[in-house]
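Computed from heavy atoms alone, side chains included, the values below leave out hydrogens, waters and symmetry copies.
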Amino acid sequence: MVRKIYNWLFGDSLVVYVACRMSGRDKAEMVHRAQFVVETLAIFGITGISPVLEEGVKAESTKLINYDKEQVRGFWARDKHIIRYVSHAVLFDHAEMPSLGMTREFSLNRGTLWRPTVIVLAKDVPVSVSVFEDDFVTNSVHSAAAYMNLTWGSKWKRISWRMRMLIRTLPKFLLGQLYGFR
């Protein structure tokens, strides 16, 4: 019983949603990259959830174009559910290739839910305010996974991170809300 409680509190349990641009990208490249990212996260004891794999994108050498509005609405509803209720953090893979969907995922994760955010950029992409605003910015999926495991890999680490974050930011948030009534 004690071992179960210990593992529940301190064992690997991090679930990460892997956000990426999908529309207009080559499907085969997307699927290959999604598999690589999810497998790399698994090496570090992290469960990765990729919309590319979840939506069953076929590894074909054609661009992904979604014409079915209702299908996209369903994918977005599922993605929001995963970000809100399943994942503990979001990794933005190839964040230098933004999309409107990634912008909404970022806003939901960081702006609304105040959840951990990691950015992976291609090499030689200059960074700006993201190094101050996001939890970690890197050029390597391996370093991102190592950082996430070290920082949020267990329930105890996530609780500790969230308490420190709330103590630091909640007063400013509440003050900002009060200023909204001006």
Side-chain angles (χ1 to χ4, degrees), residues 12 14-66 72 75-76 78-80 82-84 86-153 157-158 161-162 164-165 168-169 172:
D12 288 344
L14 183 61
V15 178
V16 173
Y17 178 84
V18 182
C20 67
R21 177 183 180 154
M22 293 176 66
S23 296
R25 286 183 61 200
D26 181 74
K27 292 180 189 179
E29 185 274 326
M30 248 190 323
V31 170
H32 176 69
R33 177 68 180 190
Q35 290 169 337
F36 167 74
V37 172
V38 169
E39 290 168 5
T40 302
L41 294 174
I43 291 169
F44 290 86
I46 300 168
T47 302
I49 301 174
S50 169
V52 174
L53 303 176
E54 293 287 313
E55 294 171 14
V57 175
K58 292 183 177 30
E60 305 166 338
S61 290
T62 60
K63 290 189 178 200
L64 177 68
I65 310 285
N66 282 318
V72 172
F75 288 156
W76 176 231
R78 186 188 45 78
D79 292 347
K80 286 194 300 186
I82 292 169
I83 292 170
R84 277 187 185 275
V86 180
S87 71
H88 304 110
V90 174
L91 179 138
F92 289 87
D93 187 38
H94 278 296
E96 75 280 359
M97 295 189 292
S99 70
L100 293 173
M102 278 180 65
T103 303
R104 270 86 182 151
E105 290 167 336
F106 185 89
S107 177
L108 174 62
N109 184 68
R110 191 57 166 200
T112 303
L113 302 173
W114 296 9
R115 299 266 178 83
T117 303
V118 173
I119 305 295
V120 176
L121 299 167
K123 289 183 180 175
D124 301 323
V125 172
V127 295
S128 58
V129 296
S130 61
V131 295
F132 306 115
E133 292 297 326
D134 303 324
D135 294 293
F136 189 61
V137 179
T138 182
N139 301 114
S140 161
V141 176
H142 287 83
S143 67
Y147 179 85
M148 288 186 289
N149 187 37
L150 180 69
T151 310
W152 310 295
K157 290 177 181 179
R158 289 191 301 278
W161 177 86
R162 181 155 290 282
R164 287 190 311 273
M165 183 272 302
R168 186 184 80 243
T169 59
K172 292 177 193 173

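Using a 4.5 Å cut-off on side-chain heavy atoms (C-beta onward), Val118 and Asp134 make no contact. Side-chain atoms of Phe44 and His142, non-hydrogen and from C-beta on, do get closer than 4.5 Å to each other. Proximity of Ile49 to Val16: side-chain heavy atoms (C-beta onward) are nowhere separated by under 4.5 Å. When side chains are defined from C-beta on, Trp114 counts as touching Thr169, because their heavy atoms get closer than 4.5 Å. Residues Thr138 and Ile119 form no side-chain contact, since every pair of their non-hydrogen atoms from C-beta on lies 4.5 Å or further apart. Within the 4.5 Å cutoff, the side chain of Tyr17 has heavy atoms near those of the Pro51 side chain.
Under a 3.5 Å cut-off, the side chain of His88 and the backbone N or O of Leu14 do not form any donor-acceptor pair. Proximity of a side-chain donor or acceptor of Asp135 to a complementary backbone N or O of Thr117 within less than 3.5 Å is detected. When atom types are taken as modelled, the side chain of Ser143 and the backbone of Ser140 share a donor-acceptor pair closer than 3.5 angstrom. In this structure, Glu105 contributes its side chain and Ala19 its backbone to no donor-acceptor pair below 3.5 Å. Side-chain N or O atoms of Arg110 include one that pairs as donor or acceptor with a backbone N or O of Arg115 at under 3.5 Å. Remark: side-chain polar atoms of Asn139 are paired, donor with acceptor, to backbone N or O of Ala122 under 3.5 angstrom. Of the possible donor and acceptor atoms, none in the side chain of Arg104 sits under 3.5 Å from a partner among the backbone N and O of Trp76.
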Using residues 22-29 as the side-chain source, report each donor-acceptor pair under 3.5 Å to any protein atom, sequence neighbours left out, with the distance given to one decimal.
{"residue": "Arg25", "atom": "NH1", "partner": "Arg21", "partner atom": "O", "Å": "2.7"}
{"residue": "Arg25", "atom": "NH2", "partner": "Glu29", "partner atom": "OE1", "Å": "2.7"}
{"residue": "Arg25", "atom": "NH2", "partner": "Glu29", "partner atom": "OE2", "Å": "3.3"}
{"residue": "Asp26", "atom": "OD2", "partner": "Ala28", "partner atom": "N", "Å": "3.3"}
{"residue": "Asp26", "atom": "OD2", "partner": "Glu29", "partner atom": "N", "Å": "3.0"}
{"residue": "Lys27", "atom": "NZ", "partner": "Glu60", "partner atom": "OE1", "Å": "3.2"}

Per-pair distances, 0.1 Å, donor-acceptor, side chain in residues 31-43, under 3.5 Å, sequence neighbours excluded:
{"residue": "Arg33", "atom": "NE", "partner": "Asp93", "partner atom": "OD1", "Å": "3.3"}
{"residue": "Arg33", "atom": "NE", "partner": "Asp93", "partner atom": "OD2", "Å": "2.9"}
{"residue": "Arg33", "atom": "NH2", "partner": "Asp93", "partner atom": "OD1", "Å": "2.7"}
{"residue": "Thr40", "atom": "OG1", "partner": "Phe36", "partner atom": "O", "Å": "2.8"}

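Taken to the nearest 0.5 Å, the NZ atom of Lys80 stands 7.0 Å off from the CZ atom of Arg84. The distance from the CH2 atom of Trp152 to the NZ atom of Lys157 is 11.5 Å, given to the nearest 0.5 Å. Going from atom CE of Met30 over to atom CG of Leu53 covers 10.0 Å, rounded to the nearest 0.5 Å. Atoms CD and CG, on Glu96 and Asp124 in that order, are 11.0 Å from each other to the nearest 0.5 Å.
For Phe75, the side-chain contact (heavy atoms from CB on, under 4.5 Å) partners are Glu55, Gln71, Arg78, not counting sequence neighbours.
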**Request:** Could you go through the side chain to side chain contact (heavy atoms under 4.5 Å, CB included) check for Asn149 and Ile46 one step at a time?
**Result:** CA-CA 7 Å; Asn149 187 37; Ile46 300 168; 4.2 Å; yes
**Message:** One pair to check against side chain to side chain contact (heavy atoms under 4.5 Å, CB included): Trp161 and Thr151. What are the steps and the verdict?
**Reply:** CA-CA 8 Å; Trp161 177 86; Thr151 310; 4.3 Å; yes
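Scanning all heavy atoms of the two residues, the minimum distance from Leu121 to Val137 falls at CD1-CG1, 3.8 Å. Between Ala144 and Val120, the shortest heavy-atom contact is CB-CG2, 3.9 Å.
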